[in-house]
Amino acid sequence: MSSPTPITAPGTLAPTPSQTVGPFYGYALPFAGGGDMVPVGHPGAVVLHGHVLDGAGAPVPDALVEVWQPAPDGSRRGAPGSLRRDPVTGAVIGRHGLTFTGFGRVPTDADGHYAVRTVPPGGVPYVAITVFARGLTHHLHTRAYLHDAAGRAEDRLLSRLPEQRRATLLTTPEDTGVHRFDIRLQYDGVHEETVFLDFG
């Protein structure tokens with residue numbers, strides 16, 4: 001028999017803990033081509049990739065990474081109707097591969113790695129990232145600032161962070177058009193935790 005919920009003040013109930021996220025998102029949310037925010041061969045396409053790592057520096061193999069961003073012209077319309085379904089089963093079979101979508105969703109693999117193909121955003125020097133992972137009571141919000149994006153120096157959030165913390169939000173160049181962005185869920189004794197944003 002469970003104990004009654006404690007009452008903190010007359011007429012109010014104490015908050016209960018949030019449930020942890022997942023693991024069901026790993027089966028229901030990813031879809032084919034979820035990391036292809038632009039078609040293969042799209043001019044100016046860049047790859048954003050990295051690992052999701054836990055507090056021991058170990059890869060998180062079953063996280064889900066979402067990427068949100070405006071188009072290169074700064075618009076935020078996305079591409080309604082770009083998600084395709086099997087006409088017989090109704091199952092999501094992926095994107096039509098023709099347009100920029102503004103949204104990507106990929107699971108991490110066994111090595112904790114994720115990758116999306118996109119284009120540099122317009123109007124802001126970053127892409128917004130949301131991380132879902134087993135053991136988190138809430139999903140996490142952060143930003144990946146592209147190391148070569150204009151406007152980084154003027155960005156209010158970035159400019160207010162100490163240098164070590166700021167570095168956790170910057171991508172690292174690996175090759176032409178390839179941005180590395182590791183997401184560290186906790187300080188591992190060597191590397192700083194990625195800066196996460198609180199939206200209340």
Heavy-atom closest contact ([X] atom, [Y] atom, distance):
| X | Y | answer |
| --- | --- | --- |
| Val119 | Pro43 | CG1-O, 4.3 Å |
| Phe100 | Ala71 | CE2-CA, 3.3 Å |
| Pro120 | Gly44 | CD-O, 3.5 Å |
| Gly34 | Val106 | C-CG1, 3.9 Å |
| Ala110 | Pro61 | O-CB, 3.7 Å |
| Arg117 | Val40 | NH2-CG2, 2.8 Å |

Hey, any chance [X] and [Y] share a hydrophobic cluster, counting ILVMFWY side chains that come within less than 4.5 Å of each other, even indirectly?
| X | Y | value |
| --- | --- | --- |
| Leu169 | Leu197 | yes |
| Leu170 | Val195 | yes |
| Phe196 | Phe181 | yes |
| Val46 | Ile183 | no |
| Leu140 | Val52 | yes |

Examine His49 together with His179 and report whether their ring centres are nearer than 6.0 Å. no
Centroid-centroid distance, Phe199 to His141, less than 6.0 Å: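 Centroid distance Phe199-His141: below 6.0 Å, so yes.
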I'd like to know if Arg180 pairs up with Glu174 as an ion pair, taking the criterion as any Lys NZ or Arg NE/NH1/NH2 lying under 4.0 Å from an Asp or Glu carboxylate oxygen.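 Salt bridge between Arg180 and Glu174, a charged N being under 4.0 Å from a carboxylate O: yes.
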Is it true that Glu192 and Arg165 have a side-chain N and a carboxylate O under 4.0 angstrom from each other? yes
What is the distance from atom [atom1] of [X] to atom [atom2] of [Y], rounded to the nearest 0.5 Å?
| X | Y | atom1 | atom2 | value |
| --- | --- | --- | --- | --- |
| Arg85 | Ile93 | CZ | CD1 | 10.0 Å |
| Leu48 | Met37 | CG | CE | 9.0 Å |
| Thr171 | Arg143 | OG1 | CZ | 14.5 Å |
| Thr172 | Leu146 | OG1 | CG | 11.5 Å |
| His113 | Asp182 | NE2 | CG | 8.5 Å |
| Arg134 | Asp62 | CZ | CG | 4.0 Å |

side-chain contact (heavy atoms from CB on, under 4.5 Å) partner of Thr142, the single match among Thr194, Thr130, Val127, Thr168: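 Testing Thr142 for a side-chain contact (heavy atoms from CB on, under 4.5 Å) against Thr194, Thr130, Val127, Thr168 leaves exactly one candidate, Thr194.
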Verify, without hydrogens or angle tests, whether [X] (side chain) and [Y] (backbone) share a donor-acceptor contact under 3.5 angstrom.
| X | Y | value |
| --- | --- | --- |
| Asp54 | Gly57 | yes |
| Arg105 | Glu66 | no |
| Thr89 | Ala91 | yes |
| Thr108 | Tyr114 | no |
| Arg184 | Leu53 | no |
| Asp73 | Ser75 | yes |
| Asp188 | His191 | yes |
| Arg152 | His147 | yes |

Modelled atom types, side-chain donor and acceptor of [X] and [Y], under 3.5 Å:
| X | Y | answer |
| --- | --- | --- |
| Asp155 | Tyr145 | yes |
| Gln69 | Thr118 | yes |
| His96 | Ser82 | no |

Please tell me if the side chains of Glu193 and Leu185 come closer than 4.5 Å, counting only heavy atoms from C-beta onward.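 Of all side-chain heavy-atom pairs linking Leu185 with Glu193, none is under 4.5 Å.
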Walk me through it: do Leu64 and Val131 pass the test side-chain contact (heavy atoms from CB on, under 4.5 Å)? CA-CA 6 Å; Leu64 190 72; Val131 181; over 6 Å; no
